[in-house]
Structure formats: structure tokens, C-alpha cells
Amino acid sequence: MIKIKALHKNFGNLEVLRGVNISINHGEVVSILGGSGSGKSTLIRCINGLEKVTSGSITVDEYDVADKKQLLNVRKKCSTVFQQFDLYPHLSVLDNITLAPINVLGEKKIEANKVGLKLLESVGILEKANNYPAQLSGGEKQRAGICRALAMKPDYLLLDEVTSSLDPEMTAEVLGILKNLSGKGITMIFVTHEIEFAREISNRIVFLDEGVILKDLSKEHFFSAEGGCLEPRIKKFLSKMDKNNG
Amino acid sequence: MLDLSAMAGYLPEFVEGFIITAQVSIISIIGSFIVGLMVALARVSTNKIFNFISLIYVDLFRNIPFIVLIFFGYYGLPEIGIYINAFWTGCLVLSIAVGAYVGETIRAGILGIDKGIVEAARSFGFSKLKLYRKIILPISLTVSVRPLGSVFINLILTTSILSTITLNELTGVSKVIASNTFRPFEVYVFLVLLYGALTFVISGLITLWHKRLNRYLEEGV
Ligand SMILES: Nc1ncnc2c1ncn2[C@@H]1O[C@H](COP(=O)(O)OP(=O)(O)OP(=O)(O)O)[C@@H](O)[C@H]1O
Ligand SMILES: [Mg+2]
């Protein structure tokens, strides 16, 4: 379970997160929605320890993110998929996937390779195993990025706008893969602008607005007439997104 | 008229000088690389003390003429009881002084790395050591290998100054041969060719290294 309590995050004088409380249980698929600058990425980056929290606490299972010694355990449990892929450019796709399992988890290379190849096969880019990231299309890169995250056998998968750098066709590819994953018991927290997709795969929607959670509802409730739409801010957001996607 | 045949009798001396120059060069390239690596890591470290010391180091050794350093090492240190022969004084001072340039070159490469890639790596829990060894240094070297090549070529050319502390490297023996034969023109033409050969080999090696490090940018492997 990920437990976030009274989380505040400031950048200098700018208050980006202003008291976020949220608990995420095992197996949940949570979509985080919200306008640009509302603090979605910052929230994700606080969970995997890339940003230091200003106050409040985040625990992942029994581990405290703010504790330097426990952070490693947090990072072993949470894997992140990034908007800009951020693959290691000097390594082959397979080595990208196995680097952390070998060097962080201490897995044997043969084992890690086996797992890596299996993952690549499952996302349909097995034949790219020995290519470098520069030789892949955006969609293929992100598929490799997902494999890299899954190779750590994480309990939690954090995804921050993982399709925003992709064209519609590649977006569909990647969303298809994520949809497959969502049925498999892995806890997913993803920031997305794909409302339709969020509606399709998540069981819970969190709407972030100017650093506070405006609504935290089950998907059915959120999209129903007496759910998120009652909030003018959310109504506006949803109608704008619908226009963008239509 | 250019008459290189007059040099034939001195070939063994040239070869000896060449070997000493090559030895000093190779040892100092390795030495300055190790020094430079430490300087670069200290420069980008989050530790304020390391930052400060390495900054002073770089500023100091980039702002003192090499010949002053080498005189200090060879003629100065014995006064306080430290005796090192000309060969090792050369290697030591070159490693220390050129290390400052190597350090700045490697540091520039490290600073040029895409921040997102480093953050992604950090999010996977790599230790600092692993992060540098497996990700940051390999990526940064792909960029800094070319400028490093220039630094190393410069190092080779600088070894000629070691003739001023009695080391019979290439330039040192050439001076002697020139004054013995009264044929400075031929001697120095020969010298130019030999330095050219040495730097040519090093450039070649750097190019190969660059190619290897940058193979990931090539199309369709
Ligand atoms: N390192 C930083 N230093 C200063 N300000 C920052 C930093 N990172 C983010 N911010 C600011 O914090 C606010 C929230 O940023 P964040 O990236 O979390 O928003 P977001 O909800 O992910 O937006 P988007 O949908 O555009 O990705 C923004 O105003 C941003 O400018
Ligand atoms: Mg964002």
C-alpha cells in the first residue's frame, strides 16, 4: 500500500503540492488527472524519491521514502515509466532492461536476459533486443521502457504521461500493452490525458487541482452525473479533453 | 640539401629517444586520465569540500606554465629531500598537470548528459558507484572522447619540455645529435616525422575508441 499523508512540496516560494492525502491499495489501477501544472508529475516524482518532500510523509508498504536507507527498498518496489522514455542510449534494448535487475537486485545475467527477452516478446519487439534505443520508433522505445520497468518485478508501476510523446497510432500500441497489464494484479498509478483510456482501465480516478486533490472517486462514481461533474473545475476539464480527443 | 642518410648512423639514438617519449606519453596519458577522472568526479560531486578542492586544483594547474612545474619537481623538490629521477618526475608532473585539463573535459561530458536519463536510472535504485560506472561515465565519454584526444596529443607534444630536465627523450637526443653532426635541418625534419608518427597513432586509437563508444548512434546495427 502506498500511503501519502499531508504531502507538501514547494519549489522555492511556489507551493506545488498543498496537502495531498491518498492511500493506494495493492492491485488498484489509479488514474491521476488534472490540468497542466497541477502537480501530477511532482506527485509521482515524490513517490519514487526524485523530489524531496517539503513536509508530510510517503510510505510504500513498510518503507519511508524520506529515509535514505529505506529509499532503495521503495525503489525496488516502484518502477517508473517516463514520458520521454529516458532509455540508456549507450546500451542495447536488452541491456537497458537487464541493467537494474543485475546491478540493483543482484540477478544473474543469464536469468535477467531470459526474463528480458520474455518481456520483449510480450510487447512484440523481441527482434529489437540487440538494437540501440536510437534505432527504435517512439512506440518501440516506450514499449522497451515498460519492459525495463517490469523487469524489476515491481509491486507498483508509476506512469507519467507515457503516451504524450507518441503519435496516435503508437499511443494505441502502448495503451494496449498497459491495458493487458492492468488485469494482472500489478498496482498502477498513472498520470494521463487519455480520459477515455482512464475510464477504460482504471478503477479509481484522482483529480488534482493546484496541488490539492479535488476528487478521489471510484471510476463509476467519477464519471457519473453526481460524481466529478458536480465540480465545475472538473466538468470544464472533461469537456475540454473530450473536444481535444474528438 | 636535405640528406636524411646522414642520420642513418644515429638511428639507434633516435629510436631510444623515441621509446622514452612513447613510454612517458603512455604512462602520463593513463596517469592524467586517472587524475582527471577523480578531479571530474570531485567537481560534480554534491560534497562542498570536494568541489572546492577540485576547483582550486584545476585553476592552479591550468595557470602555471608547465616548465615551471617541471623545474619545481626536478630541481625544487630535492631541496626538501624528495628525489625522483627525470623520467618519473616527467610522468608525475605531466599526470598531475594534464589531469586538470582531462578533469575539465570529462566534467563537461558529464554535465552534458540528459538529466532525464540520470533521473530514470536513479529511480531504479542504482548505487552512486554503479550509476557512474554503468551509465554516467560511459555516456559522457562518448562525447568527451574527441576533446580528450586533443588533450592527449598536447600531452605528447609537451613531453619535449622534459629535455630541459636532462631526460634523453626524442627532443633531448635530437639536440645532442644536431650539435654533433652540425645538421640541425635534417635532425629536426626527422624529429617532426617521429612526433607526427606518435600523434598519428594516438589519433588513430582515439578515433577507434570514439567509434566504439558511439556505435549506438549508427543506423541499423
Ligand atoms: N524543479 C522545479 N523547479 C521549480 N518549479 C517546478 C519544478 N518542477 C515543477 N515545477 C513547477 O511545479 C508546478 C507543477 O509541475 P508538475 O510538473 O508537477 O505539473 P503537471 O501536473 O505534471 O503538469 P503537466 O500536465 O503539464 O505535466 C508547475 O508550475 C511547474 O512549473
Ligand atoms: Mg507532468
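Protein chains get the first letters and strands the later ones, always in sequence-line order, with residue 1 at the start of each.
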**Report entry** Stepwise side chain to side chain contact (heavy atoms under 4.5 Å, CB included) check, A/L91 with B/Y216
**Finding:** CA-CA 7 Å; A/L91 297 178; B/Y216 67 85; over 6 Å; no

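Of the listed residues (B/A120, B/G116, B/G125, B/S123), the greatest number of heavy-atom pairs within a distance under 4.5 Å of chain A belongs to B/S123.
In this structure, the separation between CZ on B/F124 and OG1 on A/T80 is 6.5 Å, given to the nearest 0.5 Å. Atom CZ of B/R215 sits about 3.5 Å away from atom OH of A/Y132, to the nearest 0.5 Å. Taken from CG in A/N103 to CZ in B/R133, the straight-line distance is 7.5 Å, to the nearest 0.5 Å. Remark: B/I117 CD1 to A/L87 CG distance equals 8.0 Å, nearest 0.5 Å.
At most 12 non-hydrogen atoms from other residues, nucleotides or ligands lie less than 6.0 angstrom from CZ of B/F72. Shown here is B/I82, whose CD1 atom has more than 12 heavy atoms of other residues, nucleotides or ligands within 6.0 Å. At most 12 non-hydrogen atoms from other residues, nucleotides or ligands lie less than 6.0 angstrom from CD1 of A/I110. Other residues, nucleotides and ligands contribute at most 12 non-hydrogen atoms within 6.0 Å of the CZ atom of B/F50. Enclosure of atom CD in A/E169 is not indicated, since only 12 or fewer non-hydrogen atoms of other residues, nucleotides or ligands lie within 6.0 angstrom.
The two residues A/H90 and B/P138 come nearest to each other via the heavy atoms CD2-CB, 3.5 Å. Residues A/Y88 and B/I135 come closest through the heavy atom pair CE2-CD1, 3.9 Å.
Of the atoms belonging to A/R45, it is side-chain heavy atoms, and not backbone ones, that fall under 4.5 Å from chain B. At a 4.5 Å heavy-atom cutoff, the contact between B/K130 and chain A is made by side-chain atoms alone. Looking at A/L72, the atoms closer than 4.5 Å to chain B (heavy atoms on both sides) all sit in the side chain, from C-beta outward.
Looking at heavy atoms from C-beta onward, B/R122 lies in side-chain contact with A/L50 at the 4.5 angstrom threshold.
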